[in-house]
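Only this structure's heavy atoms are used, side chains among them; waters, hydrogens and symmetry mates stay out.
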Amino acid sequence: TALAADTRTWTGNGNDGKWSTAANWSDNTKPVTGDTAIIENANVLVDAAEAAKVVRLGDGAKLSLGNVLTLDADGTLEATGDATVESSFAAGLMFTTVNQVKVSAGKTLSLEATGVGTIVGAAAALELSGAGTLVLKTPVTVATDLKITEGSTLVVNVDNALPALTGTPTIAKGSIV
């Protein structure tokens, strides 16, 4: 029997800033495969291999990937506020089947890396929606296509941002800067 997906909200009550500490999450339960993780105005360190279906970042959220965070099949990285994801781990952020990124209108999500850190997309299109701005400061490897919709903007601040791009990018109301 499959377990129902839950929504887990960051509380920070564990006082160590680590994703793996159950006390940092609502109901003292960290997000797992299938769950939605919500982080508002906090710096969170992914310190062990973790997974979730949706990771939603609010204003002031910073997700530091010191280990791998896997977005489940059909999972989404969302930003409802200005937020940052920074990987210092090889394959720190892994998209499983799709590369869905949704950024709310007027908001900016920055994907960054330090040292050996990388962002690994699935062998599919990078799909940007939500009318906000995604800033790539590190390549998204493996992503094979690009789809921008809903007035979204992709800002590329790195060479070879989509190294596996083989398809023809689709921009249906949006832009690349």
Side-chain angles (χ1 to χ4, degrees), residues 4-10 31 33-42 44 46 50-65 68-87 91-113 117-177:
D6 288 306
T7 297
R8 304 290 179 203
T9 302
W10 180 265
T33 297
D35 288 349
T36 295
I38 299 174
I39 301 168
E40 297 276 349
N41 196 29
V44 177
V46 175
E50 303 291 353
K53 181 157 184 113
V54 176
V55 174
R56 186 174 302 135
L57 304 172
D59 267 327
K62 181 175 182 182
L63 190 59
S64 297
L65 305 171
V68 64
L69 174 62
T70 301
L71 294 175
D72 301 338
D74 297 321
T76 306
L77 177 62
E78 298 180 3
T80 57
D82 294 325
T84 302
V85 175
E86 182 181 80
S87 177
L93 179 64
M94 299 267 311
F95 290 87
T96 304
T97 58
V98 293
N99 305 301
Q100 296 178 137
V101 179
K102 184 174 184 175
V103 183
S104 296
K107 302 300 179 181
T108 300
L109 173 62
S110 180
L111 296 182
E112 306 174 3
T118 58
I119 309 284
V120 179
L126 172 61
E127 299 176 20
L128 175 59
S129 65
T133 300
L134 173 64
V135 179
L136 291 182
K137 294 185 177 182
T138 188
V140 177
T141 63
V142 187
T144 57
D145 204 349
L146 176 64
K147 294 180 182 177
I148 300 174
T149 60
E150 300 177 357
S152 301
T153 301
L154 175 64
V155 177
V156 178
N157 280 353
V158 64
D159 290 337
N160 210 16
L162 296 165
L165 195 65
T166 57
T168 301
T170 302
I171 302 173
K173 193 177 177 193
S175 59
I176 300 175
V177 179

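Remark: the backbone N or O of A164 is not paired with any side-chain donor or acceptor of T144 at under 3.5 angstrom.
Contacts of R56 classified as side-chain hydrogen bond (donor to acceptor under 3.5 Å, both in side chains), with partners at least two apart in sequence or in another chain: E78. Here N41 pairs with nothing under the side-chain hydrogen bond (donor to acceptor under 3.5 Å, both in side chains) rule; sequence neighbours left out. For D35, the side chain to side chain contact (heavy atoms under 4.5 Å, CB included) partners are A5, D6, R8, P31, V32, not counting sequence neighbours. Remark: A73 engages T97 in a side chain to side chain contact (heavy atoms under 4.5 Å, CB included) (not counting sequence neighbours). Residues passing the salt bridge (Lys or Arg N to Asp or Glu O under 4.0 Å) test with E86, sequence neighbours excluded: K62. For T153, the side-chain hydrogen bond (donor to acceptor under 3.5 Å, both in side chains) partners at least two apart in sequence or on another chain are S175.
Distance CD1/I176 to CD1/I148: 4.0 Å, rounded to 0.5 Å. Here L126 contributes atom CG and D145 contributes atom CG; the two are 9.5 Å apart, rounded to the nearest 0.5 Å.
The nearest pair of heavy atoms linking L165 to P169 is CD2-CG, 4.2 Å. The minimum heavy-atom distance between L128 and S152, with the atom names listed, is CG-CB, 3.6 Å.
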Identify every side-chain donor-acceptor pair in residues 99-113 under 3.5 Å, counting partners at least two apart or on other chains, and give the distances.
unit_1, atom_1, unit_2, atom_2, d
N99, OD1, A122, N, 2.6
N99, ND2, A122, O, 3.1
N99, ND2, A124, O, 3.0
N99, ND2, A125, O, 3.2
Q100, NE2, D74, O, 3.3
Q100, NE2, G75, O, 3.2
Q100, NE2, T76, OG1, 3.0
S104, OG, A79, O, 3.4
K107, NZ, D59, OD2, 3.4
S110, OG, E112, OE2, 2.8

List, one per line, each side-chain donor-acceptor pair under 3.5 Å for residues 135-142, sequence neighbours excluded.
unit_1, atom_1, unit_2, atom_2, d
T141, OG1, I119, O, 3.4

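The salt bridge (charged side-chain N to carboxylate O under 4.0 Å, His left out) analysis of residues 147-171, with sequence neighbours excluded, yields no pairs. Sorted by first and then second residue, the salt bridge (charged side-chain N to carboxylate O under 4.0 Å, His left out) pairs with a member in residues 166-177 form an empty list; sequence neighbours excluded. Residues in residues 119-133 take part in no side-chain hydrogen bond (donor to acceptor under 3.5 Å, both in side chains) pair, two or more places apart or across chains.
Annotation: side chain of V55 is in contact with side chain of L57 (closest heavy-atom distance under 4.5 Å).
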L69 and V85: side chain to side chain contact (heavy atoms under 4.5 Å, CB included), yes or no, with the steps? CA-CA 11 Å; L69 174 62; V85 175; over 6 Å; no
